[in-house]
**Q** 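Take a look at the following structure, please.
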Amino acid sequence: MSAIRHALSVKREDDFAQWYQEVISAADLAEESGVRGCMVIKPWGYGIWERIQRLMDDRIKAAGVQNCYFPIFIPLANFEREASHVEGFAKEMAVVTHHRLIADGKGGLIPDPEAKLEEPLVVRPTSETIIGDAMARWIQSWRDLPLLTNQWANVVRWEMRTRMFLRTSEFLWQEGHTAHADAEDALSETHRALEMYRACAEDDLALPVIAGEKPENERFPGALETWSIEAMMQDGKALQAGTSHYLGTNFAHAAGIQYQDKEGGQQYCHTTSWGVSTRLIGGVIMTHGDDDGLRVPPRIAPHQVVILPMLREKPEDEALLAYCEELRAMIAQESTLGEPVRVLLDKTPGKAAAKRWDWVRKGAPVIIEVGGRDMEGGKVSLLRRDRLWGEGGKPAFSYPQRDEAVQSMTQLLADIQAALFNEARERRDANITRDITTMEELSAFFGEENRYPGWVEVDWSRPSGEALDKVVEQLKSLKLTIRNVPKDAGPASGTCIFTGNKAVEKIVVARAY
RNA sequence: CGGGGAGUGGCGCAGCCUGGUAGCGCAUCUGUUUUGGGAACAGAGGGUCGCAGGUUCGAAUCCUGUCUCCCCGACCA
């Protein structure tokens with residue numbers, strides 16, 4: 001029995017799905033739009049996305065990739081060219097068929113039958129085909145390679161079941177598309193992107209991930225290899241947080257992406273594509289959220305420090321605001337994690353104690369409250385969001401001198417960033433089980449009693465085709481999926497848990513979002 | 001898309017079975033008193049009850065359709 005009065009009404013352990021919904025509304029991240037599967041991303045949520053964008057974009061550009069923008073509409077014929085790609089996406093396409101509305105005579109509007117498009121346009125679910133077209137125009141010679149492009153865009157996939165940030169019909173992402181002279185070069189790019197995602201997830205979002213190759217049945221439609229980073233959520237499920245694909249020459253054949261090599265012969269390019277999306281925000285929520293709301297890692301927090309003056313609507317407020325403004329300016333002079341500290345002086349009317357809880361729910365890493373007594377003593381009241389509660393169920397304030405608080409900010413924010421990562425990593429490591437060697441054990445492990453069982457790493461023989469289908473079917477009955485073959489896992493030594501054959505590698509098996 | 005649940009002031013809900021023109025808590029606004037930890041009291045504002053049809057003298061309530069959300073499943077990067 002705890003005396004703590006939490007800022008949310010639902011606890012993670014009581015109803016994780018409902019808790020997730022509450023964090024999104026309580027932290028003011030996003031709201032429903034009235035359009036199926038589409039959400040309005042509100043300033044705090046979009047601010048987090050802008051931070052992710054900025055940090056990722058820096059990494060992308062550092063790798064020599066250039067940003068472009070391609071159309072949202074793709075001609076149907078263009079989309080049809082790559083067979084398995086079509087098969088993968090056909091079921092979830094938004095299609096534009098008309099270009100004009102007319103009155104229906106009942107006060108409403110309908111698409112004008114006279115204005116039907118000769119060829120329907122599909123709303124991009126991803127842009128391999130249309131970018132492939134451009135690549136075919138842009139690439140002539142081996143000197144044009146590698147061609148490294150990226151775009152930040154929205155895409156639409158008509159999902160059957162949607163969840164805010166995790167799976168929405170429309171979402172925001174970046175999609176990198178590259179063309180190379182040979183497989184080796186393209187594979188190297190596939191891995192560079194994967195490692196970039198791992199670094200961004202771990203260093204920027206404080207999400208520990210496992211990077212590895214997806215099994216054949218989970219490949220991107222049209223890809224020869226699909227690699228992913230997988231993050232463990234607090235309910236033990238896996239979230240695919242980013243993917244990187246080696247597409248071989250499949251799309252090059254479909255779009256005619258060819259170059260003349262040094263010997264004068266025509267060669268098909270080897271292409272890659274890779275992306276991360278607003279789904280990452282869902283991963284941040286389910287990794288760092290607690291029973292008081294979100295906890296935003298400092299690197300991606302729109303405001304890292306929020307100052308709340310304890311205003312009383314009296315003349316002495318002026319001096320207090322001046323004291324806080326000085327504090328704000330001093331903190332803004334400091335740097336942390338390689339950037340100037342982002343600090344907000346929240347002067348909106350209202351009591352500081354009430355506003356504090358809004359910022360707790362939003363997850364600002366550091367909250368500083370300043371009252372008249374603090375000012376007199378040259379102090380501030382400081383609260384770490386990642387260590388919110390102290391003795392007796394009260395917020396764990398510390399009361400440093402103002403100068404001391406300013407000087408501590410560089411280290412404090414770096415500490416919070418590290419603490420969130422370490423907490424998540426320890427939780428993940430504690431929840432990966434490696435000693436399961438039979439299907440019976442696996443089945444028992446994921447039985448009813450074990451609510452948040454986490455992940456299991458097992459040996460397998462990498463079956464293919466129908467043999468793999470059987471394995472997938474077995475796992476499905478336990479609601480499990482193969483997440484990936486971790487790059488960093490040790491060599492397999494035993495026998496395949498599914499087939500009994502000699503194991504060739506290890507896989508991670510888990511329930512997934 | 002199948003099964004289940006739900007849409008009533010900003011948020012959370014009651015009312016619906018047994019039709020009679022809308023209520024509670026929180027939040028908001030105003031005032032007073034408070035004031036170092038999510039203030040108290042008093043008063044006030046705010047809703048064509050998701051939308052569209054239908055039944056009826058009369059519909060939040062009954063019927064039909066439709067949209068959206070949540071949970072489970074199927075599907076899926």
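Convention: sequence-line order gives letters A, B, ...; per-chain numbering from 1.
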**Q** So, are A:R198 and A:D488 salt-bridged, with charged N and O less than 4.0 Å apart?
**A** yes
**Q** Side chain of A:R167, heavy atoms from C-beta onward: which of B:G36, B:C76, B:A74 has the nearest atom to it?
**A** B:C76
**Q** Mind checking whether A:H85 and A:F251 have ring centres under 6.0 Å apart?
**A** yes
**Q** In whole angstrom, what separates A:R483's CZ from B:C76's P?
**A** 13 Å
**Q** Look through every strand shown and name the nucleotide pairing with B:G65 as Watson-Crick or G-U wobble, where both distances are under 3.5 Å.
**A** B:C51
**Q** Name the closest nucleotide to the A:A353 side chain, picking from B:A77, B:A39, B:G36.
**A** B:A39
**Q** Write down the distance separating the C1' atoms in B:A42 and B:A6, rounded off to the nearest Å.
**A** 37 Å
**Q** Using the C1' atoms only, state how far B:G19 lies from B:C57, rounded to an integer number of Å.
**A** 12 Å
**Q** Does B:C16 have a Watson-Crick or wobble partner in any strand here, with both distances under 3.5 angstrom, and which is it?
**A** none
**Q** Looking at A:K487 and A:E195, is any side-chain nitrogen of the basic one under 4.0 Å from a carboxylate oxygen of the acidic one?
**A** yes
**Q** Rounded off to whole Å, could you give me the CG-to-P distance for the A:L478 and B:G73 pair?
**A** 13 Å
**Q** Let me see the working for A:I210 and A:R483 under side chain to side chain contact (heavy atoms under 4.5 Å, CB included), right down to the final yes or no.
**A** CA-CA 9 Å; A:I210 289 193; A:R483 301 318 301 162; over 6 Å; no
**Q** With both distances under 3.5 Å as the test, what is the Watson-Crick or G-U wobble partner of B:U35?
**A** none
**Q** Check whether any side-chain N or O of A:R163 sits under 4.0 Å from OP1 or OP2 of B:C69, and answer yes or no.
**A** no
**Q** Across the strands shown, which category fits A:P221 at heavy-atom distances under 4.0 angstrom: base, sugar-phosphate, nothing?
**A** sugar-phosphate
**Q** What is the separation between atom CD on A:Q18 and atom P on B:C13, rounded to the nearest whole Å?
**A** 8 Å
**Q** Does B:C26 have a Watson-Crick or wobble mate here (both distances under 3.5 Å), and if so which one?
**A** B:G10
**Q** Please confirm whether any donor atom in the side chain of A:S381 sits under 3.5 Å from an acceptor in the base of B:G36, or the reverse.
**A** yes
**Q** When rounded to the nearest Å, what value does the distance between C1' atoms of B:U48 and B:A60 take?
**A** 11 Å
**Q** Record whether the side chain of A:R161 comes under 3.5 Å of the base of B:A74 through a donor-acceptor pair of N or O atoms.
**A** no
**Q** So A:R219, base contact, sugar-phosphate only, or nothing? Heavy-atom distance under 4.0 Å.
**A** nothing
**Q** What is the base-pairing partner of B:A77, counting Watson-Crick and G-U wobble geometry with both distances under 3.5 Å?
**A** none
**Q** Between A:K91 and B:A77, does any side-chain N or O lie under 4.0 Å from OP1 or OP2?
**A** no
**Q** If you pin A:Q21 and A:F89 to their nearest nucleotides in RNA chain B, which one's is more 5'?
**A** A:Q21
**Q** In whole angstroms, how far is the C1' atom of B:G36 from the CG atom of A:L383?
**A** 14 Å
**Q** Of the options B:U35, B:C70, B:A77, whose atoms approach the side-chain atoms of A:Q240 most closely?
**A** B:A77
**Q** With a 3.5 angstrom cut-off on both distances, give the Watson-Crick or G-U wobble partner of B:U56, or none if there isn't one.
**A** none
**Q** Nearest-nucleotide wise, let me know which of A:C38 and A:L8 is further upstream toward the 5' end of RNA chain B.
**A** A:L8
**Q** Given B:C67, is OP1 or OP2 found less than 4.0 Å from the side-chain N or O atoms of A:R36?
**A** no
**Q** Need one value for A:G275: base, sugar-phosphate or nothing, where a base atom within 4.0 Å counts as base even if backbone is also close, heavy atoms only.
**A** nothing
**Q** Could you tell me the separation between the CG atom of A:L308 and the C1' atom of B:U35, rounded to a whole number of Å?
**A** 16 Å
**Q** Locate the shortest heavy-atom distance separating A:V471 from A:P463; write the atom from each residue and the value.
**A** CG2-CG, 4.0 Å
**Q** Return the value, rounded to whole Å, for the distance between atom NZ of A:K351 and atom C1' of B:A27.
**A** 16 Å
**Q** Whole angstrom is fine here: how far is it from CD in A:E159 over to P in B:C75?
**A** 13 Å
**Q** Where the side chain of A:F220 is defined as all heavy atoms beyond and including C-beta, which of B:A77, B:C1, B:C69 is the nearest nucleotide?
**A** B:A77
**Q** Touch check for A:Y513, heavy atoms < 4.0 angstrom, all strands: base, sugar-phosphate only, or nothing?
**A** nothing
**Q** Closest approach to the side chain of A:A17, judged atom by atom: which nucleotide of B:G36, B:C71, B:C76 is it?
**A** B:C71
**Q** B:U28 and B:U61: how far apart are their C1' atoms, nearest whole angstrom?
**A** 30 Å
**Q** Mind checking if A:G34 touches a base, just sugar-phosphate, or nothing, with heavy atoms under 4.0 Å?
**A** sugar-phosphate
**Q** Between B:C76, B:C70, B:A74, which nucleotide gets closest to the side-chain atoms of A:E32?
**A** B:C70
**Q** Taking NZ from A:K479 and P from B:C75, how many angstroms apart are they, rounded to a whole number?
**A** 14 Å
**Q** What are the two closest heavy atoms between A:A27 and A:W44, and how far apart are they?
**A** O-CD1, 3.4 Å
**Q** Taking the six-membered ring of A:W173 (Phe, Tyr or Trp), confirm whether the NZ or CZ of A:R279 is under 6.0 Å from its centre and within 45° of its axis.
**A** no
**Q** Under a 4.0 Å threshold between the charged nitrogen and the carboxylate oxygen, would A:D235 count as salt-bridged to A:R12?
**A** no
**Q** Applying a 3.5 Å limit to both distances, which nucleotide forms a Watson-Crick or G-U wobble pair with B:U21?
**A** none
